Amino acid sequence: MSQQYVIVGGNAAGMSTATRLRRLEEDADIVVIEATAYVSYASCGLPYHLSDTVPESELAVMGADQLSAAFDLDIRTSQTVVDIDSERRVVTVESRDNDRYDLDYDELVLATGAEPLVPPTFDIESLEHCYTLRTVSDATAIRTRVDDAKRALVVGAGYIGIEVAENLHEAGHSVVVAELLDQVMPNTLGDEMAALVETHLREQGIELQLGVGVEELTDAGDGTITAAMGTDESRTFDLVVVATGVRPRTELAEAAGLERHESGAITVDSRMRTDTPAIHAVGDAVAAPSALSSNRAWVPLGGPANRQGRVAANDIAGHDDELAPVLDTAIAKVFDLDVGTVGLTESRLADQERPYEAIYTSEPSHAGYYPGTADIHFKLLFDPDDGTILGAQAIGTQGVDKRIDVLATAIAHDDTVFDIRDLDLAYAPPYSAAKDPVNVLGMIGTNVIEGVADIVHLEEFETAREAATVIDTRPAEMRETQGSIPGDEHVPLGNLRSWLEERDIDGEVLTYCKIGKSSYMASRILQQEGVPSRSLTGGYYRYQAAKRRGDTAGRPS
């Protein structure tokens, strides 16, 4: 007798499960229940429809009829599972006309996804031109409004909020982004890295209101929306998109009594099994084993969702498979910038009370003498004892994805800074430098661990500089255009040896430059001349980012 598999929810996780099951079991009955009219669509492409970069016709990856024919699936769209009887192995389904029927299963897979997290003070259902962005219908509704609107407010400056802001700007809008916290992408970037993104957004014409909450949205009565900002200011917009995050959609799992994670997501093991027999769960609704903690983490991203669907199908079909711990690898386009992240951030490491070291560098995307090179700014976090890589962030206009993927692979294999220093990576002038940026990160990290490079972080720098000599090793033109640290001396790297001959140095010398390169070399010269010296990691841009926020603590971020 053939097995009957019921999958609740389509899209990345649900359809990955269904199609993999079919490839493994041709004789199984596979039923997919999807609440919307779309069973497979490009979720990550939705923001790009707002500018019509991605037309509506391209958002639907495959239609229900096409998938049904190709994989012999029983796909039932615009229907909802409203109850699970796990003892009888029966789900109750509500159809389009509100009739209910029972459906037996041998194995059940929950792929119920996530839903927009909307502040309770926002009654967006009553506001004509206020939207969230989670489905194709959301994207098409916003796109319909785009041509008639000129002033747009985006609430939230995470990945989705920034992508929405960019595409509304590309569509001709004047865009304001309001973020309650004091930086963009607060869950993925340190403040010093976020500063690079913020500067670029402002250069493109986006108005950032950071540290400013939107307390209330009201209908102004003329087709516009009034936003009460945290600054006691009210402003009027033609279009508002609320992008304050998502939460796992787990009402069905909760009613069925499935174990849930502190995030509210369904707890699953490495085989995507819940704590209830014959029920697996996948996608944005689950908290799976994570490389970022000792337990599980909720990581609602497309890549993990697809892999989870495959693992669940393999387990159901009796194949030995497990999900590798999720690293939270991500990348976003921010106008001309690519912003990539992987692994732990400083704030997460601080929450875990885990020791770490942080280094920064700026390296060319390819050989400097080949036309078109551009700097990539890096931040690398690693264990201070053995050099195990814990996390990384990279920002640039080209080559970011390549380096983040290499670092993600390194983290997945518990590599250290010594390992990435010695990686044999592809090199030709149009693609990289002879020392790839990933190799350079490894070199800097090994220098720190081996004591060749003595670095100081901003918090300690601010304390130590009161009794130390602080020198700026940047060229004069860079100092003039970027600014400097009060009370320092300007000693370009090429002048350092003559400066030493003329000075009787008493005490420590702290060096800094743009990001830490020339100041490191200066510290090496000083140390070998018998002068105690440390280099400010992250350099002036780290100092500037903290000062802008009125915070010189420097860590964590």
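Please read these numbers as outputs of a predicted model, since none were measured by experiment.
Proximity of a side-chain donor or acceptor of Lys333 to a complementary backbone N or O of Phe335 within less than 3.5 Å is detected. Here the side chain of His377 pairs no donor or acceptor atom with the backbone of Ala394 at under 3.5 angstrom. Counting only distance, with no hydrogens or angles, the side chain of His366 and the backbone of Pro429 share no donor-acceptor pair below 3.5 Å. Of the possible donor and acceptor atoms, none in the side chain of His200 sits under 3.5 Å from a partner among the backbone N and O of Leu196. Counting only distance, with no hydrogens or angles, the side chain of Asp405 and the backbone of Lys402 share no donor-acceptor pair below 3.5 Å. Of the possible donor and acceptor atoms, one in the side chain of Thr446 sits under 3.5 Å from a partner among the backbone N and O of Met443. In this structure a side-chain-to-backbone donor-acceptor pair under 3.5 Å is missing from Glu179 to Val184. Although no hydrogens or angles enter the test, the distance criterion places a donor-acceptor pair under 3.5 Å between the side chain of Gln393 and the main chain of Gly190. Remark: the backbone N or O of Ala13 is not paired with any side-chain donor or acceptor of Ser16 at under 3.5 angstrom. Arg542 places no side-chain N or O within 3.5 Å of a backbone atom of Gly516 that could act as its donor or acceptor partner.
Residues Arg403 and Leu441 form no side-chain contact, since every pair of their non-hydrogen atoms from C-beta on lies 4.5 Å or further apart. Counting heavy atoms from C-beta on, the side chains of Leu380 and Val417 come closer than 4.5 Å. In this structure, the side chains of Gln209 and Arg235 come closer than 4.5 Å at one or more pairs of heavy atoms. When side chains are defined from C-beta on, Met478 counts as touching Lys514, because their heavy atoms get closer than 4.5 Å. No side-chain heavy atom of Leu153 sits under 4.5 Å from any side-chain heavy atom of Leu239. In this structure, Glu198 and Gln183 have side chains that are in contact, with non-hydrogen atoms separated by less than 4.5 Å. Side-chain atoms of Asn11 and Tyr38, non-hydrogen and from C-beta on, never get closer than 4.5 Å to each other. In this structure, Val286 and Trp298 have side chains that are not in contact, with every pair of non-hydrogen atoms separated by 4.5 Å or more.
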Notebook entry, point to check: Hey, mind stepping through Asp284 and Arg134 against salt bridge (charged side-chain N to carboxylate O under 4.0 Å, His left out) and telling me if it holds?
Noted result: CA-CA 12 Å; Asp284 291 353; Arg134 187 66 187 174; 2.7 Å; yes

Next item on the list: Please report the C-alpha distance between Thr341 and Tyr159 in whole Å, then the side-chain angles of each, then the deciding distance to 0.1 Å, and finally whether the side-chain hydrogen bond (donor to acceptor under 3.5 Å, both in side chains) criterion is met.
Entry: CA-CA 11 Å; Thr341 64; Tyr159 278 120; 3.3 Å; yes

Notebook entry, point to check: What's the verdict on side-chain hydrogen bond (donor to acceptor under 3.5 Å, both in side chains) for Thr416 and Asp386, showing C-alpha distance, side-chain angles and the deciding distance?
Noted result: CA-CA 7 Å; Thr416 68; Asp386 63 15; over 6 Å; no

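Applying the salt bridge (charged side-chain N to carboxylate O under 4.0 Å, His left out) test to pairs two or more places apart or on separate chains, none has a residue in residues 136-147.
For Thr397 and Asp336, the side-chain atoms include no donor-acceptor pair closer than 3.5 Å. Using modelled atom types, one finds a donor on one side chain and an acceptor on the other under 3.5 Å when comparing Gln398 with Ser365. Side-chain atoms of Ser498 and Asn495 form no donor-acceptor pair, as typed in the model, at a separation below 3.5 Å. Side chains of Ser290 and Asn295: a donor-acceptor N/O pair is absent below 3.5 angstrom, by distance only. A donor-acceptor contact under 3.5 angstrom links the side chains of Gln527 and Asp454, judged on distance only. Judged by distance alone, the side chains of Asp488 and Tyr512 do bring a donor and an acceptor atom under 3.5 Å apart. Between the side chains of Glu357 and His457, a donor-acceptor pair is found at a separation under 3.5 Å. Judged purely by distance below 3.5 Å, without hydrogens or angles, the side chains of Asn447 and Tyr520 pair a donor atom with an acceptor atom. Between the side chains of Tyr541 and Glu192, no donor-acceptor pair is found at a separation under 3.5 Å. Ser523 and Thr511 share a donor-acceptor pair across their side chains, judged by distance under 3.5 Å alone.
Between Thr473 and Cys513, the shortest heavy-atom contact is OG1-CB, 3.4 Å. Closest approach of Gly343 to Arg348, counting heavy atoms only: O-NH1, 4.1 Å. Across Pro47 and Val164, no two heavy atoms sit closer than the pair CB-N, 4.3 Å. Nearest heavy atoms, Leu189 versus Ala194: CD1-CA, 4.0 Å. Of all non-hydrogen atoms in Leu381 and Ala358, the two that sit nearest each other are CD2-CB, 3.5 Å. Residues Met15 and Ser40 come closest through the heavy atom pair CG-CB, 4.4 Å.
Note on Asp415 versus Arg421: no salt bridge recorded, every NZ/NE/NH1/NH2 to OD/OE distance being 4.0 Å or above. By the 4.0 Å N-to-carboxylate-O rule, Arg479 lies close enough to Asp472 to be salt-bridged with it.
Going from atom CD1 of Ile389 over to atom CZ of Phe382 covers 9.5 Å, rounded to the nearest 0.5 Å. Taking CG of Leu493 as the start and CD1 of Ile525 as the end, the distance is 5.0 Å to the nearest 0.5 Å. Remark: Thr135 OG1 to Leu46 CG distance equals 7.0 Å, nearest 0.5 Å. In this structure, the separation between CZ on Phe237 and OG on Ser174 is 8.0 Å, given to the nearest 0.5 Å. Atom CG of residue Asp375 and atom CD of residue Glu363 lie 8.0 Å apart, to the nearest 0.5 angstrom. Distance check, rounded to the nearest 0.5 Å: CG of Leu458 to CD of Gln544 gives 12.0 Å.
Other residues, nucleotides and ligands place no more than 12 heavy atoms under 6.0 Å from the CD atom of Glu262. Counted within 6.0 Å of CZ on Arg202, heavy atoms from surrounding residues, nucleotides or ligands total more than 12; the atom is thus considered enclosed. When the shell of 6.0 Å around OH of Tyr431 is examined, it contains 12 or fewer heavy atoms from other residues, nucleotides or ligands.
For Thr53, the side-chain hydrogen bond (donor to acceptor under 3.5 Å, both in side chains) partners two or more places apart in sequence, or in a different chain, are Ser51.
No option in Ile162, Ile331, Val334 other than Val334 meets the side-chain contact (heavy atoms from CB on, under 4.5 Å) test with Val339.
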Enumerate, atom names and distances included, each donor-acceptor pair closer than 3.5 Å involving a side-chain atom of residues 241-248, sequence neighbours excluded.
| unit_1 | atom_1 | unit_2 | atom_2 | d |
| --- | --- | --- | --- | --- |
| Thr244 | OG1 | Leu117 | O | 2.5 |
| Arg247 | NE | Glu115 | OE2 | 3.2 |

